[in-house]
2 protein chains.
Amino acid sequence: MLSNASKYAIRSILYLATHTSETKKINVKVIAEELETPPSFLAKLLQQLTNNGLVSSTKGPNGGFYLDEKNRKKSLWDVITCIDGTDKFNQCFLGLSECNDRNPCPAHAMVAPFKEKILTNFRDKTIAEFAAESLEKGTYLTLKQTEIL
Amino acid sequence: MLSNASKYAIRSILYLATHTSETKKINVKVIAEELETPPSFLAKLLQQLTNNGLVSSTKGPNGGFYLDEKNRKKSLWDVITCIDGTDKFNQCFLGLSECNDRNPCPAHAMVAPFKEKILTNFRDKTIAEFAAESLEKGTYLTLKQTEIL
DNA sequence: AACAAAAAAGACCTTTATCTCTTTTTATGT
DNA sequence: ACATAAAAAGAGATAAAGGTCTTTTTTGTT
Ligand code: FES
Ligand code: FES
């Protein structure tokens, strides 16, 4: 479904949302350790996210990555399209050219409702909202693999 | 989500289910044309499916691929695991090590119901049943990209 | 000014997925 | 028997995903 790159990106964004601010920045090495992702690869991803206005960064001592208010207004959908490019969730499950209700493939009825849900949750919800919800539910804890409540 | 290989495999299986029998076999070239898939690649996939008892075949003139009664009792789940191997639908959406209700990631609540549905539809339904349903609903027509009702 | 710490940039490397081509084997019809 | 039509088998080719490493630039601290 999602590429590793997108998964890492989403996880790091949610991590940044809950752990950083304009006054508290974190560097790649730490983020990569916290999320247990390949550090160099994550660096590239954060670079790309920064170039596209989804993450903020400052260089030099005490520098690092963080989310400002503008970044927090973006959606996870923005993250996915920034990294993976393609419109993953509008594609037909069986790889046919178009996916719509008028010309459904055998799997369509099964997948279509899910797509709707993904769209509304990922596209119409800001990262700030998503992170806040995760905090409420306690699901943000599981961003790191080994972390057990 | 699914690899191209799995998608081609599923589509060809459903095609075989509705177009072949012990007495009516179809060769790779025709199947590939009908489904608009790369012929050589599809040949390899059908070979693999045949080796794993999901498809039947006979060589020589008037030979080709087809589904016998035994093949029709398999599930699409069997097809996916035969081709992709990995347990695609039990994996965490964000790539964390385990996916379960006890230790959910931020996306879990959104994805879990879908997984259930996929499992029951793909694992607990025979190919025969799935194909029959598709015929009823008319969705089998859209196996080929350009085919519009 | 010198140093250090961080991201940015760019050049790679490795592995996996996707796809092709050629040769061999097997079955059928004449 | 022979020709032919098909799958089976095996060896590669290409492209994309995943990941690493080194150098450069920027910024803050001493
Ligand atoms: S048409 Fe295949 S999933 Fe919608
Ligand atoms: S834990 Fe991530 S999808 Fe279930």
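Computation of the quantities below employed the complete heavy-atom set of this structure, encompassing side-chain atoms and omitting hydrogens, waters and symmetry-equivalent molecules. Throughout, protein chains are lettered first and strands after them, A, B, ... in sequence-line order, and every chain is numbered starting at 1. What you see is a predicted model, and the numbers here were worked out from it, not measured in a lab.
- In plain terms, the two heavy atoms of B:L16 and B:F65 that are nearest each other are CD2-O, 3.9 Å.
- When heavy atoms are screened at a 4.0 angstrom cut-off, A:G63 is found touching the sugar-phosphate backbone but no base atom.
- If you take CG of A:N4 and P of C:dT15, they are 16 Å apart, rounded to a whole angstrom.
- For B:A5, the side-chain atoms get nearest to C:dT18 when compared with the rest of C:dA7, C:dT18, D:dA8.
- Put simply, CE on B:M1 is 16 Å from P on C:dA17, counting in whole angstrom units.
- For the pair A:K25 NZ and C:dA8 P, the computed distance is 12 Å after rounding to whole Å.
- Donor-acceptor pairing under 3.5 Å is recorded for the side chains of B:H108 and B:D101.
- Each of D:dA8, C:dA27, C:dT20 was ranked by its minimum atom distance to the side chain of B:F41; first place goes to C:dT20.
- Checking the phosphate oxygens (OP1, OP2) of D:dA9, a side-chain nitrogen or oxygen of B:N51 falls inside 4.0 Å.
- In this structure, A:K44 reaches the bases: a heavy-atom distance under 4.0 Å links it to at least one base atom across the strands shown.
- Mapping A:N62 and B:L46 onto DNA chain D by nearest heavy atom places B:L46 at the nucleotide closer to the 5' end.
- Look at CZ on A:F65: it is 12 Å from P on C:dA6, rounded to the nearest Å.
- Within the 4.5 Å cutoff, side-chain heavy atoms of A:Y66 are placed close to those of A:D68.
- Rounding to whole angstrom units, CG of residue A:L42 and C1' of D:dC21 are separated by 16 Å.
- A:A43 comes within contact range of no nucleotide atom at all, as no heavy-atom separation falls under 4.0 Å.
- Nucleic acid contact class of A:S40 (heavy atoms, under 4.0 Å, all strands): base.
- The side chain of A:Y8 places an N or O atom within less than 4.0 Å of a non-bridging phosphate oxygen (OP1 or OP2) of D:dG19.
- Going from atom NZ of A:K29 over to atom C1' of D:dC21 covers 16 Å, rounded to whole Å.
- Computed from coordinates, the A:I26 CD1 to C:dA5 C1' distance equals 16 Å when rounded to whole Å.
- Checking the phosphate oxygens (OP1, OP2) of D:dA6, no side-chain nitrogen or oxygen of B:S57 falls inside 4.0 Å.
- Of the candidate nucleotides C:dA7, D:dA8, C:dT20, D:dA8 has the atom nearest to the side chain of B:Q47.
- For A:K59, the side-chain atoms get nearest to C:dA6 when compared with the rest of C:dA6, D:dA9, C:dT18.
- Here the nucleotide nearest the side chain of B:P39, chosen from D:dT27, C:dT28, C:dT20, is C:dT20.
- In this pair, A:F89 and A:W77 present their aromatic rings tilted. The plane angle is within the 30 to 60° band.
- Here D:dG19 is the nucleotide among D:dA9, D:dG19, D:dT27 with the atom lying nearest to any side-chain atom of A:P38.
- B:F130 and B:F122 have perpendicular rings, their planes meeting at more than 60° on a 0 to 90° scale where under 30° would count as parallel.
- Side-chain proximity of A:N27 to C:dT18, C:dA6, D:dG18: nearest is C:dA6.
- Between B:E133 and B:K125 there is a salt bridge, with a side-chain nitrogen of the basic residue lying less than 4.0 Å from a carboxylate oxygen of the acidic one.
- Distance, A:L45 CG to C:dA9 C1': 15 Å, rounded to whole Å.
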